[in-house]
There are 2 protein chains.
Amino acid sequence: MGTRKGRPARKKPDAYHHGDLRRALLHEAVRTIQTHGVAAVTLRSVAETLGVSRTALYRHFADKQALLGAVAAEGFRTLRASLVAAWEGAGRGRVGFEAMGRAYVRFALDHPSHYRVMFGSGAVAPETAPDDPGGAAFQALVDALVELQQRGEVRPDPPLLLALYVWAVVHGIAMLALDGQLDESAPQAEALMDFANARLRTGIATALD
Amino acid sequence: MGTRKGRPARKKPDAYHHGDLRRALLHEAVRTIQTHGVAAVTLRSVAETLGVSRTALYRHFADKQALLGAVAAEGFRTLRASLVAAWEGAGRGRVGFEAMGRAYVRFALDHPSHYRVMFGSGAVAPETAPDDPGGAAFQALVDALVELQQRGEVRPDPPLLLALYVWAVVHGIAMLALDGQLDESAPQAEALMDFANARLRTGIATALD
DNA sequence: ACCTGAACACCGTTCAAGT
DNA sequence: ACCTGAACACCGTTCAAGT
């Protein structure tokens with residue numbers, strides 16, 4: 001803020017040529033999703049609370065779906081940060097891996113609507129990616145598994161396949177919780193994740209026959 | 001069809017007092033979802049293709065969400081039938097169990113939009129239930145696991161917890177595939193399910209230490 | 001470049017009214 | 001009981017126009 005190099009300071013910021021409408025739109029959409037759900041995200045209401053015309057959005061996003069795509073991308077960045085923090089914070093290794101799983105489920109429980117948008121039919125396919133935050137979040141999981149393989153703690157299967165399997169487990173738990181399929185969602189979801197961590201290690205069979 | 005016992009045959013069915021508008025609405029909604037996705041399910045279009053007023057639906061469903069709830073319930077009944085058929089058809093046991101997993105994923109791949117509605121935010125909570133088809137589908141999984149436990153082939157953990165874990169795995173694979181997170185969805189989803197069946201048995205660790 | 005204002009083609013839902 | 005028709009309060013998106 002204040003003056004910028006080589007650009008004459010504007011007398012009055014002129015209300016709305018406010019330079020970062022894109023970021024403001026994105027932030028407002030995320031906020032609305034968190035507090036009132038996706039259905040409440042209306043181009044009209046978002047524009048109004050920002051004090052901007054209903055159609056101003058089209059300068060920054062192709063359409064509403066593009067806005068939601070950006071919301072999803074931001075969600076994946078936050079998710080990735082949570083996963084890495086859990087992994088590092090628990091000192092990596094098997095304990096770190098289990099912490100990652102718990103962090104994943106907790107993220108979904110803490111941001112249910114946002115999480116839903118991230119996996120909504122919008123399909124944030126990799127081609128959209130100058131950075132592909134979804135892929136980056138997944139990569140954090142792959143990296144952890146490779147490290148565990150190098151320590152000889154995880155079977156030497158193709159890391160991609162292993163990572164997809166683990167992702168399916170945590171994503172499945174998250175979705176079941178969000179859809180209200182677990183009674184008393186939050187506690188049972190965490191208990192289920194603890195059980196999942198144990199079963200990921202040893203499976204469900206009684207013996208190796 | 002034809003004459004019904006004890007009821008005077010109607011001369012002309014009178015176009016629309018056609019008695020089973022409810023069923024017709026439900027069928028048309030399912031058909032549209034399958035062919036054009038949920039977004040195409042519009043009360044207006046459904047009514048029009050049925051030759052009925054736009055508001056006739058409100059005699060049979062509280063609102064659009066109730067219609068989609070009925071669509072979800074029907075989906076769960078079909079899913080349950082597929083699971084049971086796979087389990088029985090493969091002669092139960094561990095082979096039957098693995099067949100159930102594959103049948104689950106195949107159902108989702110074959111009815112992507114319908115599957116999405118089944119787990120959409122609508123929340124077909126158990127209180128809606130005169131029959132609760134979602135619970136019945138889940139029960140088929142619980143029953144199979146209990147039977148495997150009785151044979152000593154699955155660890156004697158609480159069946160509910162085991163079933164939730166397995167459900168999370170198949171649901172997670174299904175959702176990842178539907179969201180386009182797997183390249184070449186169909187084949188990779190089935191390969192992932194095969195891997196999942198193996199990992200459900202023995203887990204991902206290298207040893208039992 | 002960035003934003004506005006009016007207009008368009010859609011929605012789900014209500015409500016009094018018809019048979 | 002079951003259905004209609006008009007009306008209401010919403011949508012996302014377009015397009016010519018302003019600065």
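Letters A, B, ... mirror the listed sequences (proteins, then strands); counts begin at 1. These numbers come from a predicted model, not from an experiment.
Residues B:L148 and B:G93 share a closest heavy-atom pair of CD2-C, 3.6 Å.
With a 3.5 Å ceiling on both atom-pair distances, the Watson-Crick or G-U wobble partner of C:dC2 is D:dG18. Summarising the base pairing, C:dG12 is matched to D:dC8 through a Watson-Crick or G-U wobble pair whose two defining distances lie under 3.5 Å.
Looking at B:D179 and B:R116, a side-chain N of the basic residue comes within less than 4.0 Å of a carboxylate O on the acidic one, giving a salt bridge. Taking the charged nitrogens against the carboxylate oxygens, A:E48 and A:R54 have no contact shorter than 4.0 Å, which rules out a salt bridge.
Closest-nucleotide positions on DNA chain D for A:K64 and A:R59 were compared, and the one nearer the 5' end corresponds to A:K64.
Between the CG atom of B:L25 and the C1' atom of D:dC3 there is a distance of 12 Å, given to the nearest Å. Atom CG in A:L57 sits roughly 12 Å away from atom C1' in C:dC3 (whole-Å rounding). Atom CD of B:Q65 and atom P of C:dG12 are 13 Å apart (whole Å). Across the protein-nucleic acid pair, A:R22 atom CZ and C:dA1 atom C1' stand 16 Å apart, rounded to whole Å. In this structure, CZ of B:F61 is placed 13 Å from P of C:dT13, rounded to the nearest angstrom. If you take CG of A:L50 and C1' of C:dC3, they are 13 Å apart, rounded to a whole angstrom.
When each of D:dT13, C:dT14, C:dC11 is scored by its nearest atom to the side-chain atoms of A:Y58, the top-ranked nucleotide is D:dT13. Considering only side-chain atoms of B:T55, the nucleotide from D:dG12, D:dA6, C:dC11 that sits closest is D:dA6. Of the listed nucleotides (D:dT13, C:dC11, D:dC3), D:dT13 has the atom at the smallest distance from the side chain of A:L43. Side-chain atoms of B:L21 lie closest to D:dC3 of the nucleotides D:dC3, C:dT4, C:dA7.
Of the side-chain N and O atoms in B:H60, none sit less than 4.0 angstrom from OP1 or OP2 of D:dA1. Residue B:T42 places at least one side-chain N or O under 4.0 Å from the OP1 or OP2 atom of C:dC11.
A side-chain donor from one of B:E28 and B:T49 sits under 3.5 Å from a side-chain acceptor of the other.
Figure legend: cation-pi geometry between B:R199 and B:F195, with NZ or CZ positioned under 6.0 Å from the six-membered ring centre and within 45° of its axis.
Judged by atom type and distance alone, A:R44 reaches the base of D:dG12 through a side-chain donor-acceptor pair under 3.5 Å.
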